[in-house]
Number of protein chains: 2
Amino acid sequence: MPDSLRRFKADIFQALAHPTRIAIIELLDDGELSAGELIDKLGMEQANISQHLAVLRGKQLVANRKAGNQVFYSVRDPIILKVLALMRRYFQKHLKEALEMLDEMDKASAGTGQ
Amino acid sequence: MPDSLRRFKADIFQALAHPTRIAIIELLDDGELSAGELIDKLGMEQANISQHLAVLRGKQLVANRKAGNQVFYSVRDPIILKVLALMRRYFQKHLKEALEMLDEMDKASAGTGQ
DNA sequence: TAGGAATATTCGATCCTTCGAATATTGTGC
DNA sequence: GCACAATATTCGAAGGATCGAATATTCCTA
């Protein structure tokens with residue numbers, strides 16, 4: 001497989017590699033939402049969410065539909081939702097080691113005072 | 001869903017978000033390989049592959065088995081292979097726009113001389 | 001037990017990502 | 001047109017990722 005195709009896949013994983021963007025896609029799992037609704041539900045800065053939406057748009061993971069003043073977002077391909085569903089299964093299966101990993105992370109950041 | 005769980009998922013996507021690491025996992029799809037075999041097949045620096053393997057190990061995506069001088073790697077959970085298989089389907093489905101994206105990237109980097 | 005093969009780690013330079021603050025854009029109703 | 005609401009973009013600082021060079025570790029074999 002040529003490297004360009006691997007770069008394409010890696011870019012999609014990169015787009016998914018942020019907790020906020022995962023949260024956005026999971027919220028869109030139930031149907032489309034406006035940018036404002038996403039901001040409300042996530043309780044984060046407007047600019048920040050808009051930037052994350054720009055990343056998802058850039059990689060074509062979400063579609064956007066303008067309706068007057070607002071922009072409604074939705075997941076473009078259910079395959080992406082399947083990927084996240086698989087990850088949920090993976091998480092449940094590896095819950096124990098995941099908690100250990102998170103614990104390590106906490107300890108590491110506690111040690112450095114971060 | 002608590003943010004810590006999203007961070008866990010994001011970390012796994014992050015670990016997959018590099019063409020070389022995707023190549024490694026795809027090579028391991030057929031069964032375990034030693035670090036040296038991976039280096040040969042990928043034709044990259046030894047240190048570089050070892051670093052990427054360290055990332056995959058750190059996120060528990062691969063298992064390693066020492067046999068004398070060598071270390072054999074394998075994918076720890078077939079769910080990860082399923083994720084990559086889904087991504088292959090996704091890629092085929094979106095081949096056209098993927099090529100456009102890659103083209104954009106080429107043009108952009110040509111423009112800046114990178 | 002010295003030398004070499006296989007693998008891992010450290011280091012430092014460079015680039016990429018993320019964030020909030022500030023600002024720009026676009027659409028609506030008066 | 002003007003003010004306002006919703007969303008997007010730009011900017012700069014701070015932290016994280018990636019690479020090759022150099023070095024360290026581990027294990028085998030003579």
Side-chain angles (χ1 to χ4, degrees), chain A residues 3 6-7 10-24 27-28 32-59 61-74 101 104-105 108-109 111-114, chain B residues 3 6-7 10-24 27-28 32-59 61-74 105 108-109 111-114:
Chain A
D3 185 62
R6 290 212 186 88
R7 235 182 307 148
D11 279 348
I12 300 213
F13 284 126
Q14 177 62 46
L16 295 173
H18 194 286
T20 302
R21 292 196 289 268
I22 291 181
I24 289 172
L27 282 173
L28 296 180
E32 70 174 12
L33 289 174
S34 70
E37 287 170 316
L38 287 168
I39 291 160
D40 286 349
K41 284 176 194 275
L42 293 167
M44 310 183 71
E45 288 287 327
Q46 180 268 327
N48 193 358
I49 299 299
S50 192
Q51 284 164 348
H52 284 302
L53 287 171
V55 171
L56 294 172
R57 250 186 295 127
K59 296 297 157 43
L61 292 178
V62 299
N64 56 333
R65 170 177 76 81
K66 292 193 188 183
N69 225 0
Q70 302 174 269
V71 181
F72 287 87
Y73 283 89
S74 55
M101 268 179 57
E104 290 300 312
M105 284 166 51
S109 56
T112 58
Q114 305 306 312
Chain B
D3 186 63
R6 292 214 187 89
R7 236 182 305 148
D11 280 347
I12 301 213
F13 285 127
Q14 176 61 46
L16 295 172
H18 194 285
T20 302
R21 293 197 290 270
I22 290 181
I24 289 172
L27 282 172
L28 295 180
E32 69 174 14
L33 290 173
S34 70
E37 287 170 315
L38 286 168
I39 291 160
D40 287 349
K41 284 175 194 275
L42 293 168
M44 311 184 71
E45 289 287 328
Q46 180 268 326
N48 193 358
I49 299 298
S50 193
Q51 285 163 347
H52 284 303
L53 287 172
V55 171
L56 294 172
R57 250 186 294 127
K59 297 294 158 46
L61 291 178
V62 298
N64 56 333
R65 169 178 77 82
K66 292 193 187 182
N69 225 0
Q70 313 184 80
V71 180
F72 286 87
Y73 283 89
S74 55
M105 285 164 53
S109 56
T112 59
Q114 304 303 314

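Labels below follow one simple rule: chain letters A, B, ... track the order of the sequence lines, proteins then strands, and each chain is numbered from 1.
- Rounded to an integer number of Å, the gap from CG of B:Leu38 to C1' of C:dA8 is 15 Å.
- Atom CG of A:Leu33 is separated from atom P of D:dA6 by 15 Å (rounded to the nearest Å).
- To the nearest 0.5 Å, atoms CD1 (A:Ile24) and NZ (A:Lys41) are separated by 13.0 Å.
- For a distance-only test at 3.5 Å, the side chain of A:Gln46 qualifies as a donor-acceptor partner of the base of D:dA8.
- Considering only side-chain N and O atoms, A:His52 lies nowhere under 4.0 angstrom from the phosphate OP1 or OP2 of C:dT17.
- Side chain of B:Gln51, nearest nucleotide from C:dT7, D:dC19, D:dA8: D:dC19.
- Here C:dA8 presents its C1' atom at 10 Å from CG of B:Leu53, a figure rounded to the nearest Å.
- Each of B:Gly68 and B:Ala17 was assigned the nucleotide of DNA chain D with the nearest heavy atom; the assignment lying further toward the 5' end belongs to B:Ala17.
- Heavy atoms of B:Tyr73 sit under 4.0 angstrom from primed sugar atoms or phosphate atoms, though from no base atom.
- If you take CZ of A:Arg57 and C1' of D:dT7, they are 9 Å apart, rounded to a whole angstrom.
- One atom, CG of A:Asp11, and another, P of D:dA17, lie 16 Å apart when rounded to the nearest Å.
- Relative ring orientation between A:Phe13 and B:Phe13 is described as parallel, the plane-to-plane angle staying below 30° on a 0-90° scale split at 30° and 60°.
- Atom CG of B:Leu27 and atom CG of B:Leu42 lie 5.5 Å apart (nearest 0.5 Å).
- Interatomic distance, A:Thr20 OG1 to B:Arg6 CZ, rounded to the nearest 0.5 Å: 8.5 Å.
- B:Gln14 places its CD atom 9 Å from the C1' atom of C:dT17, with the value rounded to the nearest Å.
- Each of D:dT18, C:dC19, C:dA8 was ranked by its minimum atom distance to the side chain of B:Arg21; first place goes to D:dT18.
- Distances were taken from every side-chain heavy atom of A:Val71 (C-beta onward) to each of D:dT18, D:dT7, C:dA8; the shortest belongs to D:dT7.
- Rounding to the nearest 0.5 Å gives a distance of 7.5 Å between CD1 of A:Ile39 and CG of A:Leu53.
- Rounded to an integer number of Å, the gap from CD of B:Glu45 to P of C:dT7 is 15 Å.
- A:Asn69 comes within 4.0 angstrom of a base, heavy atoms only.
- Nucleic acid contact for B:Ala47: base, since at least one base atom lies under 4.0 Å from a heavy atom of the residue.
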